[in-house]
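Structure first, then comments.
Only heavy atoms go into these numbers, but all of them, side chains included; no hydrogens, no water, no symmetry mates. A quick note: this is a predicted structure, and the numbers were derived from the prediction, not measured.
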Amino acid sequence: MTSDFFKYQAQTTPHPLAMKISHAEGSYIYDTNKKAYLDFVAGVSACSLGHRHPKVVNAIKDQLDKYMHVMVYGEYIQEPAVELTKLLADHLPKPLEKTYLTNSGAEAIDGALKLARRVTGRSEIISTHHAYHGNTMGALSVMGFEERKQPFRPLIPDVKFIRYNASEELSQISTKTAAVILETIQGGAGFIEPKDGYLEKVRKQCDAVGALLILDEIQPGIGRTGTLFGFEHYNCTPDILVTGKGLGGGMPIGAFTASSTHMDVLQDNPKLGHITTFGGHPVVAAAALATLKEITESDLIAQTLEKEQLIRQHLKHPLISEIRGRGLMLAAITPSADITNEVVLRCQDQGLILFWLLFEPKAIRITPPLTISNDEIIKGCMIITRVLDSISG
């Protein structure tokens, strides 16, 4: 299977981890040699409830017994999608009330950018340096990392970049600006949180010039940071909210949400202003609905902050200079990329799955399932510190 993997499946890097997967359950992934790996990554923040959560699996099976794909998005009334979008609205502040379901977070970003231009009649988009919003052409255009963009230029025009947390640069948001797009917490940059009321200041400047604010919650959303949505920490409500990853409970999904007034402009002039065949797929929507219900009806969100403190308590080592982030969206920073690489690879050998961040080579990603137990957290932290000891020794 390994040779076929490299021969027939397109690769994203020259050196994939290439672990052969047998099955996964709860907080563990198992390889074909029956070795168990404690998962501190959760499919890069996607498996909010761990692997094969019974409520998600049952929701999928129940929907499979009814129907799968029947029509392109938005034409037929399908209960899973209706119930999912309604539940999202129930948990969002006004005027965020209408959701467009997509196949991925990057597709939702593209939809949000189109919506902002359509609503405002303007073309300029402002993003931030070291931003990451996905890899479709629209999402790539607002990525703040030129090395990854240059081979694919020309990208969409009229995109400007400012520095995240640099309040002095907010005057660049003007009456030419259709939208400012920000990650509520910058992911690829190293889990950078907004500081000194930054999001509030962006919100105020957008309001002053009539620009829309798009917040990308593909990583921090759906309970990962100790509130259902990351923006709830920062007294800032966006005009367009983008979610994905953890919403699907392990199934592929994205979504962008706005007011009815804004979202309805995609219906006409032109009709089919945004269209997808498989967005809102009933099986995926059923999984997402079960995931969102479990997260909002349990104490998992409150536990997230307690588990953060447990990680910070047990993950102390001279080779860890800081732990960035909030809740279960954490990044341990080492002195060098080489050390981080050693930790990720050696921990995998020791039965712990860790991963990297895109633009911060010294960061070790720690984004376990929200359902991870305290004992599993302590076990994982012990493996990391033991590996660090072997490196420093």
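Checked for salt-bridge contact, Lys293 and Glu297 miss the test: no charged N lies under 4.0 Å from a carboxylate O. By the 4.0 Å N-to-carboxylate-O rule, Lys204 lies too far from Glu200 to be salt-bridged with it. Residues Asp349 and Lys35 are not paired through a salt bridge, judged by the lack of any N-O separation under 4.0 Å between the basic side chain and the carboxylate.
At least one donor-acceptor pair closer than 3.5 Å links the side chain of Ser321 to the backbone N or O of Ile333. The main-chain N or O of Thr237 is found under 3.5 Å from a side-chain atom of Arg203 such that the two form a donor-acceptor pair. A donor-acceptor pair under 3.5 Å is formed between the side chain of Glu308 and the backbone N or O of Gly327. Side-chain atoms of Asn165 come within 3.5 Å of backbone atoms of Lys195 as a donor-acceptor pair (strictly under, hydrogens ignored). Thr102 contributes a side-chain N or O that, together with a main-chain N or O of Gly254, makes up a donor-acceptor pair within less than 3.5 Å. Side-chain atoms of Lys307 come within 3.5 Å of backbone atoms of Leu370 as a donor-acceptor pair (strictly under, hydrogens ignored). Between the side chain of Arg365 and the main chain of Leu357, no donor-acceptor pair closer than 3.5 Å is present. Asp39 contributes no side-chain N or O that, together with a main-chain N or O of Pro369, makes up a donor-acceptor pair within less than 3.5 Å. Not a single donor-acceptor pair under 3.5 Å links the side chain of Arg326 to the backbone N or O of Glu193. Proximity of a side-chain donor or acceptor of Arg117 to a complementary backbone N or O of Ser123 within less than 3.5 Å is detected.
Remark: Ile214 CD1 to Ile109 CD1 distance equals 7.0 Å, nearest 0.5 Å.
Residue Lys55 qualifies as open at atom NZ: its count of foreign heavy atoms under 6.0 Å is 12 or below. More than 12 heavy-atom neighbours from other residues, nucleotides or ligands sit within 6.0 angstrom of CZ on Arg118.
Taking the six-membered ring where the residue is Trp, Tyr28 and Tyr30 present tilted rings, their angle falling between 30° and 60°.
Outside the 6.0 Å centre-distance limit, the rings of Tyr198 and Tyr234 are not counted as a close aromatic pair.
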Identify every side-chain donor-acceptor pair in residues 265-282 under 3.5 Å, counting partners at least two apart or on other chains, and give the distances.
from	atom 1	to	atom 2	distance (Å)
Gln267	NE2	Asp264	OD1	3.3
His274	ND1	Lys114	NZ	3.0
Thr276	OG1	Asn103	ND2	3.0
Thr276	OG1	Phe278	N	3.4
Thr276	OG1	Gly279	N	3.1
His281	ND1	Val283	N	3.1

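Residues passing the side-chain contact (heavy atoms from CB on, under 4.5 Å) test with Glu97, sequence neighbours excluded: Lys94, Ser260.
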